[in-house]
Chemist: 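Structure in structure tokens, see below.
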There are 2 protein chains.
Amino acid sequence: MSANSRLTIAVHMLSVLELRRRRDHEWSTSEQVAHSVRTNPVVVRRMLGDLRDAGLVESRRGPGAGWRMAHDATEISLADVDDALGAEPAYAMHRNEPNPACPVARGIRPALEPVYARVDDVVRAELARTTLADVFRTTMALAD
Amino acid sequence: MSANSRLTIAVHMLSVLELRRRRDHEWSTSEQVAHSVRTNPVVVRRMLGDLRDAGLVESRRGPGAGWRMAHDATEISLADVDDALGAEPAYAMHRNEPNPACPVARGIRPALEPVYARVDDVVRAELARTTLADVFRTTMALAD
DNA sequence: TCATCTCGTAACAGATGTGGTTACGATAAC
DNA sequence: GTTATCGTAACCACATCTGTTACGAGATGA
């Protein structure tokens, strides 16, 4: 299984917050967000909870409570969202230690490390080029 | 769970083939490769089987059989290996259809698609810059 | 022909990650 | 105090990946 749809879901949730805010609903409930994503409100609260811990959204409790974005959509990039989700790099080293008796096993990890670091850099740089406002604008334009 | 150590393992296996070839062992068995990676020979045969289907390695059966690289290490890039493994993009769309009654749900996927496509492009481009020969050279240099 | 070696591959178990669900306490508005 | 909603634990279901056993297929050489 891959964890690779989490960024999509998070951006979807944030876009729902943005849409509702523009329609004069400052706060949105996990139930309302869940309805658009077609998932369970607990799933929404879990993921928005991660985003709140990273400072991207705010939550409020009690009646009339819910969630809202903590910043303007122009100030949040997809890289920020990916970070907030604790996303792991696309490529990782061995899960189990390889055999140190073999020179390949000893040297392969330090050899691949800088390669993977560069890959991670370009991914983050590319994600940083797009903001939630960009995504929201395109989303609305393509909704019909 | 993430499938993200597969490229590492594959490059490790190919490097073992390269090392043994340079030591005048043209063919290597899955048992020998498994010893360096510290895994099961069947795991090696499965993964090298994928690489063979992509034309990166060759296999032979019977006594004295095994595996060898099908090309020079300078001619195979990490992007080729990743392709051969059938690697999936780092980011994917929703697993379940979102609610078409919501404009965000309707527009979010076409809006994110080009973003993810660009991410995939830069990842592939970065991986294409490194060949197996590059990795092998660095691996040997860092083995001690 | 036969013994032997190794690949090729099916089948299954275990670990792990993600998402969905239920449940219930905490909090805040009225 | 009633009500709405978050916060979070607990559990299940499901998919993927890895490791393992098992055994047939193919090739070599005596």
Side-chain angles (χ1 to χ4, degrees), chain A residues 1-10 12-13 17 20 25-35 37-53 57-68 70 85-99, chain B residues 1-10 12-13 17 20 25-35 37-53 57-68 70 85-99:
Chain A
M1 177 184 309
S2 40
N4 56 1
S5 67
R6 298 196 78 214
L7 179 60
T8 297
I9 303 298
H12 185 153
M13 292 179 181
L17 298 189
R20 289 182 44 83
H25 296 99
E26 179 73 8
W27 297 88
S28 304
T29 69
S30 58
E31 173 98 32
Q32 290 160 342
V33 175
H35 193 245
V37 182
R38 272 219 183 119
T39 183
N40 194 289
V42 175
V43 174
V44 175
R45 294 203 289 271
R46 274 203 291 242
M47 187 168 281
L48 288 184
D50 289 340
L51 301 184
R52 180 197 51 222
D53 294 344
V57 302
E58 292 171 359
S59 65
R60 213 168 57 163
R61 306 219 270 189
W67 306 79
R68 71 172 175 189
L85 296 174
E88 304 212 333
Y91 301 99
M93 296 301 166
H94 309 63
R95 297 173 184 211
N96 307 313
E97 289 287 309
N99 190 341
Chain B
M1 172 185 311
S2 39
N4 56 1
S5 68
R6 298 195 78 216
L7 179 60
T8 297
I9 303 298
H12 185 153
M13 291 179 182
L17 297 189
R20 289 182 44 84
H25 295 98
E26 180 73 8
W27 296 89
S28 302
T29 68
S30 58
E31 172 99 33
Q32 289 160 342
V33 175
H35 193 244
V37 181
R38 269 214 183 126
T39 183
N40 194 289
V42 175
V43 174
V44 175
R45 294 203 288 270
R46 273 203 290 244
M47 186 167 282
L48 288 185
D50 288 341
L51 301 184
R52 180 197 51 221
D53 294 345
V57 302
E58 294 171 356
S59 66
R60 214 169 56 164
R61 307 221 270 189
W67 307 78
R68 71 173 176 190
L85 296 174
E88 304 212 333
Y91 300 100
M93 296 301 168
H94 309 62
R95 295 166 187 220
N96 307 314
E97 289 288 308
N99 190 341

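Convention: sequence-line order gives letters A, B, ...; per-chain numbering from 1.
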Chemist: Give a yes/no on whether any side-chain N or O of B:S59 is located under 4.0 angstrom from OP1 or OP2 of C:dG8.
Modeler: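 Yes, because at least one side-chain N or O of B:S59 sits under 4.0 Å from OP1 or OP2 of C:dG8.
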Chemist: What integer distance in Å separates A:R95:CZ from C:dG14:P?
Modeler: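 Result: 18 Å.
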Chemist: Given the structure, check if the side chain of B:R46 and the base of D:dG19 hold any donor-acceptor pair shorter than 3.5 Å.
Modeler: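 When only heavy-atom distances are counted, B:R46 does reach the base of D:dG19 through a donor-acceptor pair under 3.5 Å.
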Chemist: Taking only the side-chain heavy atoms of B:V42 (C-beta and beyond), determine which of C:dA10, C:dT6, D:dG19 contains the nearest atom.
Modeler: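 The listed nucleotide nearest to B:V42's side chain is C:dA10.
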Chemist: How many whole angstroms separate atom NE2 of A:H94 from atom C1' of D:dT18?
Modeler: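 It works out to 14 Å between those atoms.
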Chemist: Which nucleotide in the list D:dT20, C:dG20, C:dG8 gets nearest to the side chain of B:V43?
Modeler: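 That would be D:dT20.
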Chemist: Can you see if the side chain of A:R52 gets near the phosphate of D:dG7 - specifically, an N or O under 4.0 Å from OP1 or OP2?
Modeler: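 Yes, A:R52 has a side-chain N/O under 4.0 Å of OP1/OP2 on D:dG7.
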Chemist: Could you give the CZ-to-P distance, from A:R45 to C:dA23, as a whole number of Å?
Modeler: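 Distance check: A:R45 CZ to C:dA23 P gives 14 Å.
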Chemist: Out of curiosity, A:L17 CG to A:H25 NE2, how far, rounded to the nearest 0.5 Å?
Modeler: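 Spacing of CG (A:L17) from NE2 (A:H25) equals 13.0 Å.
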Chemist: Could you state the atom-to-atom distance from CG of B:L48 to C1' of C:dG8 in whole Å?
Modeler: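 Rounded to the whole Å, the gap is 13 Å.
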Chemist: Can you tell me how far P of D:dG7 sits from CG of A:L51, to the nearest Å?
Modeler: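 Rounding to the nearest Å, CG of A:L51 and P of D:dG7 are 12 Å apart.
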Chemist: Assign B:G66 to base, sugar-phosphate, or nothing according to its heavy-atom contacts below 4.0 angstrom with the strands shown.
Modeler: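 B:G66: backbone/sugar contact only, no base atoms under 4.0 Å.
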Chemist: Write down the protein N/O and nucleotide N/O pairs, taken from nucleotides 27-30 of chain C, whose separation is under 3.5 Å; answer none if there are no such pairs.
Modeler:
{"from": "C:dT27", "atom 1": "O4'", "to": "A:R61", "atom 2": "NH2", "distance (Å)": "3.4"}

Chemist: Please determine if a side-chain N or O atom of A:S5 lies less than 4.0 Å away from the OP1 or OP2 oxygen of C:dT18.
Modeler: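 It does not, given that no N or O in the side chain of A:S5 lies less than 4.0 Å from OP1 or OP2 of C:dT18.
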Chemist: Who pairs with B:R45 by side chain to side chain donor-acceptor pair (under 3.5 Å), at least two apart in sequence or on another chain?
Modeler: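 Here the qualifying residues are B:S30.
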Chemist: Tell me, please, which residues at least two apart from B:R52 pass side chain to side chain donor-acceptor pair (under 3.5 Å).
Modeler: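 If we apply the side chain to side chain donor-acceptor pair (under 3.5 Å) test to B:R52, skipping adjacent residues, the hits are B:S59.
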Chemist: Looking at residues 26-34 of chain B, who's got a heavy atom less than 4.0 Å off DNA chain D?
Modeler: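 Here the set is empty: none.
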Chemist: Starting from the 5' end of DNA chain C, give me the residue, B:P41 or A:I9, whose nearest nucleotide shows up first.
Modeler: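 Its nucleotide being nearer the 5' end, the pick is B:P41.
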Chemist: Under the salt bridge (charged side-chain N to carboxylate O under 4.0 Å, His left out) rule, collect the residues that match up with B:D50, sequence neighbours excluded.
Modeler: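 Partners of B:D50 by the salt bridge (charged side-chain N to carboxylate O under 4.0 Å, His left out) criterion, ordered by chain and then number, come out as B:R6.
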Chemist: Return the value, rounded to whole Å, for the distance between atom CD of B:E97 and atom P of C:dG19.
Modeler: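 The distance from CD of B:E97 to P of C:dG19 comes to 16 Å, rounded to the nearest Å.
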Chemist: Nearest whole angstrom, please: distance from the P of D:dT18 to the CG of B:L85.
Modeler: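 After rounding, the gap between these two atoms is 10 Å.
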Chemist: Whole-Å distance between C:dG19 P and A:R38 CZ?
Modeler: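 Spelled out: CZ on A:R38 to P on C:dG19 is 17 Å.
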Chemist: Indicate whether OP1 or OP2 belonging to C:dT22 is found under 4.0 Å from a side-chain N or O atom of A:N40.
Modeler: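 So the side-chain polar atoms of A:N40 never come under 4.0 Å of the phosphate oxygens OP1 or OP2 of C:dT22.
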Chemist: Applying salt bridge (charged side-chain N to carboxylate O under 4.0 Å, His left out), can you list everything that pairs with A:E58, at least two apart in sequence or on another chain?
Modeler: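 Checked A:E58 against salt bridge (charged side-chain N to carboxylate O under 4.0 Å, His left out); matches are A:R68.
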Chemist: Going from CG on A:L85 to CG on A:D53, what distance comes out if it is rounded to the nearest 0.5 angstrom?
Modeler: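 That separation rounds to 11.0 Å.
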Chemist: My understanding is that only residues two or more places apart in sequence, or in another chain, count here; which of them pass side chain to side chain contact (heavy atoms under 4.5 Å, CB included) with A:R46?
Modeler: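 Listed in chain order: A:V42, A:V43.
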Chemist: Who are the side chain to side chain donor-acceptor pair (under 3.5 Å) partners of A:S28, not counting sequence neighbours?
Modeler: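 Side chain to side chain donor-acceptor pair (under 3.5 Å) check on A:S28 returns A:R20.
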Chemist: List the residues meeting side chain to side chain contact (heavy atoms under 4.5 Å, CB included) with B:H94, not counting sequence neighbours, and say none if there are none.
Modeler: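 In terms of side chain to side chain contact (heavy atoms under 4.5 Å, CB included), with neighbours along the sequence ignored, B:H94 is linked to A:T8, A:I9, A:H12, B:P98, B:I108, B:R109.
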Chemist: For B:E31, does the CD atom sit with more than 12 other heavy atoms under 6.0 Å from it, leaving out its own atoms?
Modeler: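 Atom CD in B:E31 is not packed in, count stays at 12 or less.
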